[in-house]
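Comments concern the structure below.
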Number of protein chains: 4
Amino acid sequence: MRSDALRRRENILRVARELFAERGAQIAMETIAEASGVGIGTLYRNFADRLALVEEVTLVMLEDIRSASQQAIERLDANEAEGWDVLLDSLIEQNLGALSEALGLQLPKKVSPRILEAQAEASRTLNSALGLAKNAQLVRADISGLELIATVGSITRPMPRAFSNSQPGLEERIVQIMRDGLRPQPAQN
Amino acid sequence: MRSDALRRRENILRVARELFAERGAQIAMETIAEASGVGIGTLYRNFADRLALVEEVTLVMLEDIRSASQQAIERLDANEAEGWDVLLDSLIEQNLGALSEALGLQLPKKVSPRILEAQAEASRTLNSALGLAKNAQLVRADISGLELIATVGSITRPMPRAFSNSQPGLEERIVQIMRDGLRPQPAQN
Amino acid sequence: MRSDALRRRENILRVARELFAERGAQIAMETIAEASGVGIGTLYRNFADRLALVEEVTLVMLEDIRSASQQAIERLDANEAEGWDVLLDSLIEQNLGALSEALGLQLPKKVSPRILEAQAEASRTLNSALGLAKNAQLVRADISGLELIATVGSITRPMPRAFSNSQPGLEERIVQIMRDGLRPQPAQN
Amino acid sequence: MRSDALRRRENILRVARELFAERGAQIAMETIAEASGVGIGTLYRNFADRLALVEEVTLVMLEDIRSASQQAIERLDANEAEGWDVLLDSLIEQNLGALSEALGLQLPKKVSPRILEAQAEASRTLNSALGLAKNAQLVRADISGLELIATVGSITRPMPRAFSNSQPGLEERIVQIMRDGLRPQPAQN
DNA sequence: TATGAATGAGAATTCATTCAT
DNA sequence: AATGAATGAATTCTCATTCAT
C-alpha cells in the first residue's frame with residue numbers, strides 16, 4: 001500500500017498542476033480531488049490545506065526548471081547550440097507561467113524555506129546554463145535566470161478569452177516576440 | 001437626475017476597473033459597491049450581474065486603446081516618431097494586463113457582440129497606428145494590433161510574489177525585453 | 001427595516017443563548033440560524049463568526065447579572081431580606097452555568113475588552129449586593145462575587161444524562177446543597 | 001497474545017479517559033488512537049464506535065467510584081472518620097466532573113443496561129458508605145449517593161477560562177463551598 | 001430609485017468510520 | 001490482528017444575487 005499511496009499522491013500533484021495551469025488558481029479543491037479520482041478527504045490527507053498543495057506543486061515546478069537547466073548545461077558544454085532552444089522550449093511547454101500565476105497569487109508573504117531553497121537551486125543551475133548560452137551568443141547578455149523565468153512566466157499565462165478567441169495561434173506569436181527579445185540585441189544609439 | 005445617475009455609473013466603472021487591476025478578478029461585488037460609495041443594490045441596478053460589469057469595464061478598456069491609438073495616428077501622421085513610444089507607454093501604463101487578466105478569465109466562451117465590435121474597432125485603429133509605425137521602422141513588420149495588445153497584456157500582469165519579491169525592478173526588465181522583441185528584427189538565417 | 005433587522009438580531013441572540021444552554025457549545029451555526037427562523041447568511045451578517053456570536057451572548061449574560069444585582073441592592077437597602085434569594089434564584093434560572101460553559105470553552109485566550117469591562121461592571125454591582133447580604137447574615141462572609149458566579153455556574157450546567165435520567169429533580173437537590181454551602185457557616189473546630 | 005491484546009485495550013481506555021477529562025468530549029478518535037500508541041483501525045477493532053468507547057470509559061469510572069466507596073466502608077466500619085474525607089477527595093481527584101461532562105453529553109437518551117447496572121452497583125456501595133458517614137455525623141442526612149456523585153461532578157468540571165483566569169485557586173474555593181454544603185446542616189426555621 | 005438586509009449555494013476543512021493490505 | 005489510507009457527510013464561512021422597505 002505504501003507504493004499505492006505514493007502513486008496516488010504523485011497523481012494528485014500532477015493533476016493539480018495541470019488544473020492550476022489550465023483553469024487558474026481558484027480551482028476548487030473538490031475539483032482537483034475529483035479529477036484525481038480520489039475523495040476530498042484523501043486530498044486533504046496528502047496535503048494539509050490548499051497552501052500546502054500549492055507549495056508542493058511549486059516545488060515540482062522548480063525541480064523541473066532545475067533539471068531542464070542541467071540538461072541544457074550538458075548540451076551546451078558539448079557545443080550543441082540547440083541545447084538552449086530546448087531549454088527555452090521546455091520552460092515554455094511547462095506552462096510555467098500559468099502555473100506560477102496560480103501559485104504566486106496565493107503564496108503568503110512568508111515563502112517557506114523549502115521553496116526558497118529549491119528556488120535558489122533552480123536559479124543557480126539556470127544561471128549556469130544562461131552563462132554558457134551567453135558565451136555562445138544565443139541569448140542577450142543582460143538577462144538573469146530569474147528574469148528569464150519571469151519573462152517566460154509572463155508570456156505563458158492563460159490568455160483572456162476575448163483575445164485568444166479572436167485569433168488562433170495568438171499565443172505562439174507572443175512567444176515569438178519574446179524569443180526575439182531574448183536574443184542578443186544590437187546596440188541602441 | 002439623468003446626469004447624476006450617469007455620473008454614478010461612470011464612477012462605479014472607474015472604481016471597478018481599478019479594483020480589478022489592483023486586487024484581481026476575485027474582488028467581491030460588495031467591495032466594489034463600497035469603494036464606489038453606493039449600496040450593493042445600486043451596483044446591481046446598474047449592472048445586471050458580475051459578468052455585465054466585467055463586460056462594461058472591458059468596453060472601457062477597449063475604448064481607451066482605440067483612443068490612444070487615434071492620438072498616435074495623429075502624431076505619426078505628423079512625423080512625430082515619439083507618437084509610437086507614447087502609445088506603447090500608454091498601453092503599458094493602463095495596467096492593461098492586470099485588467100485583462102481579471103476580465104479575461106471570467107468572460108464566457110461566447111464573447112458578447114458589443115465586445116467583439118469594440119475590439120474590432122480598437123484593433124482597426126491600432127492597426128492603422130501600427131502601419132504608420134512600421135513604415136517608420138519603429139516596430140517589427142509582422143505584428144498585428146491584436147498581437148500587440150496581447151503582448152502588452154501578458155507582460156503587464158501582476159507578478160507572482162515569489163518572483164517580484166526577489167528582485168526589485170523585475171517588471172521593468174521584462175518590459176524591456178518585450179520592447180526589444182517588438183522592434184524590427186534582423187533577418188534570421 | 002431598521003427596527004425589523006434589530007428585532008431579528010435580538011431574536012438570534014435569544015435563540016443562541018438558549019441553544020448554547022440546552023445543547024452545548026458545539027451547537028451548529030446552521031441550527032441556530034434555523035431555530036431563529038433566518039438563513040445562515042443572515043446569522044453571519046449579524047455576527048461575523050462563531051466567536052462574535054459567543055461574545056455577544058456573553059455580554060447579554062453579564063448585563064443580566066449586573067441588572068439582577070442592581071435590583072437586589074435596592075431591595076436589600078430597603079431591608080427586604082428576600083432580595084438576596086431573588087438574586088440567587090435569578091442567577092440560577094438564567095442557566096448561567098450551561099451558558100458560561102458554552103461560552104467559556106471557546107473564548108480565546110485573549111478575552112475582548114468589551115467583555116472584560118462588562119465583567120468588571122457585573123462583578124462590581126454583584127459585590128455590592130453581596131456586601132449587603134453579608135451584613136444581613138444571609139450569605140457566608142468569605143465569598144466574592146466571582147466565586148458566587150462560578151459556583152452557580154458550576155451547578156447549573158447540563159447534567160450528564162446517565163445521571164439526570166436516573167433521578168428526576170436531581171438538579172434541584174444539587175442546587176439545595178449549594179444554597180446551604182453559601183450560607184454563613186458555623187466555625188469549624 | 002490474549003494478555004497483550006487485553007493490555008492494549010486497557011491502555012486505550014486509560015488514555016481515552018484522560019483525554020476526555022483533559023481536553024473535552026470533542027477529542028478526535030484519531031488523537032486517542034495516537035496517544036494510545038495504536039492505529040485508528042485498532043481503536044475501532046476494540047471499540048465499535050465512539051459511543052462504545054464512551055460507554056466503556058463510563059463503566060471504568062463507575063467501577064472506580066464503587067471501589068473507592070468500598071474502601072471507605074471498610075475504614076468507616078473501623079471507626080476511622082477520615083475514611084469519609086478520603087472518599088470525597090478521591091471523587092474530587094478523579095476529575096469525575098470533567099469526565100462525566102465529556103461522557104454525559106454524548107450518551108444517548110437510552111443508556112445501556114450495562115451502564116445502568118454499574119451505576120446501580122456504584123450507587124449501592126456508595127450509599128452504604130454514605131449511611132455510615134451519616135451515622136457518624138460526617139455528612140448531611142438528606143443526600144443520596146447519586147446526588148453526591150452529581151454534586152461532585154458538577155463542581156469539578158473545567159471552569160470557563162474567563163473565570164479561572166481572573167482568580168487563581170477559584171476551583172478550590174468552589175470545592176470548599178460544596179464541602180460545607182454537604183455537611184450536616186442546622187435546622188432551618 | 002437607492003439602500004442594505006436576507007438568502008442560499010458553494011468552497012474549504014475536519015473527522016468518524018470503513019476497508020484494502 | 002494491526003495498520004493507516006480512503007471516504008464522504010457535516011461544519012464553518014463567503015459572496016453573488018434578490019427583495020423588502
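In what follows, chains are A, B, ... by sequence order, proteins preceding strands, each numbered from 1. The analysis underlying the following values was restricted to heavy atoms, covering all of them including side chains, and did not include hydrogens, waters or symmetry mates.
- Nucleotides of DNA chain E nearest to A:Tyr44 and C:Ile40 differ in position, and the one nearer the 5' end is that of C:Ile40.
- Computed from coordinates, the A:Glu34 CD to F:dA6 P distance equals 17 Å when rounded to whole Å.
- Separating the CG atom of A:Asp49 from the C1' atom of F:dC13 is a distance of 16 Å, rounded to the nearest angstrom.
- No more than 12 heavy atoms of other residues, nucleotides or ligands lie within 6.0 Å of CD in B:Glu34, so this atom counts as exposed by the packing criterion.
- Distances from the side chain of C:Arg50 to the nucleotides E:dT17, E:dG4, F:dC13 place F:dC13 closest.
- Each of E:dA2, F:dA6, E:dA6 was ranked by its minimum atom distance to the side chain of A:Thr42; first place goes to F:dA6.
- Among F:dT12, F:dT17, F:dA6, the nucleotide with an atom closest to any side-chain atom of A:Ala5 is F:dA6.
- Protein atom CZ of D:Phe47 is 14 Å distant from nucleotide atom P of E:dT17, rounded to whole Å.
- Residue A:Asn46 is the one, among B:Met29 and A:Asn46, whose nearest nucleotide of DNA chain F lies closer to the 5' end (criterion: closest heavy atom).
- In this structure, B:Arg9 atom CZ and E:dT1 atom C1' are separated by 16 Å, rounded to whole Å.
- When each of C:Gly41 and A:Leu43 is assigned the nucleotide of DNA chain F bearing its nearest heavy atom, the one mapping closer to the 5' terminus is A:Leu43.
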Practice item. Convert the base pairs of DNA chain E into dot-bracket notation, remembering that pairs crossing earlier ones are written with [ ] and that bases paired across to another strand are shown as |; include only Watson-Crick or G-U pairs under 3.5 Å. Key: .||||||||||||||||||||

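- Between C:Val38 and C:Leu43, the closest heavy-atom pair is CG2-N, 4.3 Å.
- Protein atom CG of B:Asn11 is 14 Å distant from nucleotide atom P of E:dA2, rounded to whole Å.
- In this structure, B:Thr31 and B:Arg23 have side chains that are in contact, with non-hydrogen atoms separated by less than 4.5 Å.
- The CD atom of B:Glu30 sits 13 Å away from the P atom of F:dT14 (whole-angstrom rounding).
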Practice item. Go through D:Arg114 and D:Glu56 one step at a time and tell me if the salt bridge (Lys or Arg N to Asp or Glu O under 4.0 Å) criterion holds. Key: CA-CA 9 Å; D:Arg114 290 175 65 217; D:Glu56 291 303 312; 2.7 Å; yes

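- One interatomic measurement links the two molecules: CZ of C:Arg8 to C1' of F:dA20, which rounds to 10 Å at whole-angstrom precision.
- To the nearest angstrom, P of E:dA16 lies 13 Å from CZ of A:Arg45.
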Check your understanding: Passes side-chain contact (heavy atoms from CB on, under 4.5 Å), B:Phe47 versus B:Met29? Steps please.
Key -> CA-CA 11 Å; B:Phe47 305 94; B:Met29 293 295 273; 5.8 Å; no

